[in-house]
Amino acid sequence: MSLSRRQFLAGLAASPLLLNTSVSAANPPSILVIGAGMAGLAAARALSDQGLKVTLLEGRQRIGGRIHTSRVWPDYPMDLGASWIHGQKQNPITSLANAAQAKRIATSYDNAELYIDKRLKELGVKGTNETALEKLVNKALKQAANLDEDISLQAAVERVLTKPLSPAYQAQLNFYLNSTYEQEYSGATRELSAQTLDDNEEFEGADLLFPQGYDQLTNYLAQGLDLRLGQIVSKVNYEKTGVTVSTQDQSYSADYVIITVPLGVLKRNSIQFNPPLPPAKQAAIQRLGMGLLNKAYLRFNKVFWPKELDWLEYLSPDAGRWAEWVSFAKIGAPVLLGFHAADRAREVETWTDQAVIADAMKALKAMFGNAIPQPVGVQLTRWSQDPFAYGSYSFNAVGSSNEDRQALANKNGRLYWAGEATHSEYLGTVHGAYLSGVRAAKAVLKLV
Ligand SMILES: Cc1cc2nc3c(=O)[nH]c(=O)nc-3n(C[C@H](O)[C@H](O)[C@H](O)COP(=O)(O)OP(=O)(O)OC[C@H]3O[C@@H](n4cnc5c(N)ncnc54)[C@H](O)[C@@H]3O)c2cc1C
């Protein structure tokens with residue numbers, strides 16, 4: 001089933017995200033949106049469709065932000081940022097994908113195979129011990145919830161361990177914490193809040209990825225919008241009467257501004273605000289965590305792993321090392337995607353490409369034997385070094401909570417805020433970014 005663009009917009013208007021305020025004012029306000037990722041595009045689309053004058057300022061020479069489809073391999077577009085619609089039921093990104101007529105394919109965590117490193121096999125390890133570890137971590141989180149002060153997930157787990165761990169059990173625990181928490185939230189266990197890390201919501205249904213690229217959705221939203229690429233915002237002056245935004249070579253004025261730059265950019269103070277941001281917003285920027293998830297796409301001349309699998313898991317004595325792989329064999333591509341999260345990702349980012357590839361191949365040889373071919377192409381990400389993101393997505397760090405996300409989302413003066421980090425329920429996701437953009441657009445429309 002697919003929808004036309006018009007049907008999509010009609011659906012949007014009829015949904016709970018209702019944007020049915022037609023602009024009637026003789027002099028509709030002008031709006032600048034900073035950042036053309038999913039949040040900025042969703043906000044600009046909604047406002048522009050209501051007849052408001054909207055200009056998008058984007059620092060990069062492309063739109064999409066943390067949705068970035070690489071077409072380095074023209075036959076196989078690869079997503080270097082977001083890949084999946086997580087939970088397709090009721091998810092607004094499903095409607096958007098229908099409208100954009102973007103093909104999707106489901107992957108399932110249940111369709112996985114575990115490969116155990118021979119050093120652990122020699123210690124008698126036969127599996128991940130998931131059920132027992134889940135029980136242990138749940139107990140740790142339950143106890144941590146009753147403490148007066150927040151502690152890290154790592155500290156919470158250590159509190160409930162009664163004796164020193166054997167190397168085999170330690171490796172299983174590390175694997176569980178890495179694949180369940182670090183890869184999902186992109187923060188390290190020593191950073192993740194034990195009290196609030198799970199304070200988010202999920203949509204039900206399958207996880208779907210886009211064989212032709214996630215950018216079909218951002219390109220679809222961007223149609224006809226006034227987009228200014230290569231405009232790196234460095235100053236925002238906001239007063240009672242209006243806002244002036246300065247980039248490296250231009251100055252823009254507007255009645256209202258919607259800011260959607262990533263939390264990582266705000267943490268670096270890449271943008272100077274005048275007057276300074278309210279203390280609660282500054283504290284929220286400091287307290288919330290900006291995590292790291294990196295991808296390594298390895299292309300081979302043939303598929304040498306079981307074609308039918310979605311996920312290949314590697315349990316090794318080295319915490320978080322090449323623990324999770326996704327196979328693209330299902331879409332006919334002889335491509336494996338390996339992930340690194342949090343501290344391990346930060347370390348691997350400092351290596352040369354050659355060193356990363358050599359390490360990846362060592363892991364794959366441990367999983368499939370020495371006879372596997374060398375890759376014929378590789379694409380690696382280094383999101384923490386990206387000056388327009390400084391990380392992958394936000395997480396609840398020790399001492400932070402959804403109140404911080406609310407503080408980040410609150411308007412101050414003529415500034416409105418969106419972006420995944422401002423969404424309490426769906427943080428760290430494309431749908432959270434989208435919903436935050438629609439929320440900001442609705443708030444601005446109330447002024448009209
Ligand atoms: C590796 C990785 C994998 C992910 N996987 C998934 C997934 O599978 N599913 C999912 O739902 N989510 C996933 N996410 C998260 C998802 O990509 C983000 O939550 C979402 O895309 C964020 O959108 P946004 O609009 O809030 O921010 P962004 O997309 O980052 O948009 C902000 C924009 O602001 C621009 N900008 C920054 N600074 C300036 C400046 N000074 N001046 C002007 N412009 C500026 C940026 O260039 C960017 O375009 C993943 C993210 C990463 C990095």
Side-chain angles (χ1 to χ4, degrees), residues 32-44 56-69 78-88 91-93 107 183-186 202-203 207-210 214-215 217-218 221-222 227-236 245-248 252 257-272 290-297 326 337 339-341 345 380-384 386-395 408-409 417-423 426-437 440:
L32 285 170
V33 177
I34 305 177
M38 186 49 95
L41 289 167
L56 269 152
L57 302 179
E58 169 53 52
R60 301 177 198 266
Q61 293 296 347
R62 63 167 180 84
I63 62 163
R66 284 170 278 168
I67 291 178
H68 182 201
T69 307
M78 292 288 144
D79 275 302
L80 304 179
S83 287
W84 284 273
I85 298 181
H86 284 307
Q88 104 281 22
N91 192 320
I93 304 302
T107 64
Q183 302 252 355
E184 170 152 3
Y185 291 113
S186 77
E202 287 176 3
F203 287 110
D207 291 331
L208 307 178
L209 52 77
F210 297 90
Y214 224 132
D215 67 351
L217 274 55
T218 40
L221 279 179
L227 269 161
R228 314 284 170 95
L229 298 180
Q231 291 299 303
I232 305 171
V233 172
S234 55
K235 273 193 198 136
V236 176
V245 172
S246 311
T247 69
Q248 73 280 25
Y252 299 84
V257 173
I258 299 178
I259 299 167
T260 75
V261 300
L263 177 65
V265 170
L266 295 171
K267 277 183 178 291
R268 291 282 183 125
N269 293 315
S270 305
I271 301 176
Q272 196 192 315
M290 187 66 179
L292 186 58
L293 181 75
N294 272 325
K295 293 182 163 182
Y297 283 100
V326 176
L337 161 59
F339 291 92
H340 276 135
L380 306 174
T381 68
R382 289 185 172 84
W383 281 100
S384 86
D386 182 327
F388 297 110
Y390 289 122
S392 296
Y393 43 91
S394 66
F395 65 88
L408 196 56
W417 296 77
E420 58 83 11
T422 70
H423 206 278
Y426 301 115
L427 52 113
T429 61
V430 172
H431 48 273
Y434 176 88
L435 290 170
S436 75

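In this text, all values refer to a predicted model and were calculated from it rather than measured experimentally. Atoms within each ligand, like the ligands themselves, are counted from 1 in listed order.
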*From the options Ser392, Gly37, Ala43, Ala421, select the one whose nearest heavy atom is closest to atom 31 (O) of ligand 1.*
Gly37

*Those atoms of ligand 1 less than 4.0 Å from some heavy atom in Gly64*: 29 (O)

*Which residue and non-hydrogen atom of the protein lie closest to atom 32 (C) of ligand 1, and at what distance in Å?*
Thr260 O, 3.5 Å

*Specify the protein heavy atom at minimum distance from atom 1 (C) of ligand 1: its residue, its atom name, and the distance to 0.1 Å.*
Leu293 O, 3.4 Å

*Quick one: look up the protein heavy atom nearest atom 44 (N) of ligand 1 and list residue, atom name and how far away it is.*
Gly59 N, 3.0 Å

*asked:* Please determine whether any non-hydrogen atom of Gly428 lies less than 4.0 Å from an atom of ligand 1.
replied: yes

*Can an N or O of His431 be found at a distance shorter than 3.5 Å from an N or O of ligand 1?*
no

_So if I count the atoms of ligand 1 from 1 in the order they appear, which ones are less than 4.0 Å from some heavy atom of Gln231?_
42 (N), 43 (C)

_Distance under 4.0 Å to a non-hydrogen atom of Gly419: what atoms of ligand 1 satisfy this?_
26 (O)

*Quick one: does Ile271 get an N or O within less than 3.5 Å of an N or O on ligand 1?*
no

*Select the closest option to atom 26 (O) of ligand 1 among Met38, His423, Glu420, His68, judged by heavy-atom distance.*
Glu420

*Can you tell me if Pro262 has a non-hydrogen atom under 4.0 Å from ligand 1?*
yes

*List every atom of ligand 1 that sits less than 4.0 Å from any heavy atom of Trp84, numbering the atoms from 1 in the order shown and giving each element.*
7 (C), 8 (O), 9 (N), 10 (C), 11 (O)

*Using heavy atoms and a threshold below 4.0 Å, how should the contact between Leu80 and ligand 1 be classified: side chain, backbone, both, or neither?*
backbone

*Answer with side chain, backbone, both or neither: which part of Trp383 has a heavy atom less than 4.0 angstrom from an atom of ligand 1?*
side chain

*asked:* Going by the closest heavy atom to atom 52 (C) of ligand 1, which one wins out of Ala433, Ser186, Gly81?
replied: Gly81

*Between Tyr434 and Tyr426, ring centroids under 6.0 Å*: no

*Is it the side chain, the backbone, both or neither of His86 that has a heavy atom closer than 4.0 Å to ligand 1?*
side chain

*Any N/O pair Ser83/ligand 1 closer than 3.5 Å*: yes

*Mark yes or no for whether Ser392, through its side chain, and Leu293, through its backbone, hold a donor-acceptor pair below 3.5 Å.*
yes

*Who's the nearest protein heavy-atom neighbour of atom 42 (N) of ligand 1, and how far?*
Val233 N, 2.9 Å

*Against heavy atoms of Gly65, which atoms of ligand 1 measure under 4.0 Å?*
29 (O), 48 (C), 49 (O)

_Part of Tyr393 with heavy atoms under 4.0 Å of ligand 1, whether side chain, backbone, both or neither_ = side chain

*N/O to N/O below 3.5 Å, does that happen between Val430 and ligand 1?*
yes

*Would you please say whether a donor-acceptor pair under 3.5 Å links the side chains of Ser234 and Gln248?*
no

*asked:* Is the positively charged end of Arg268 above the ring of Tyr390, judged by distance under 6.0 angstrom from the centroid and angle within 45° of the axis?
replied: yes

*Give yes or no for whether the N/O distance cutoff of 3.5 Å, strictly under, is met between Glu58 and ligand 1.*
yes

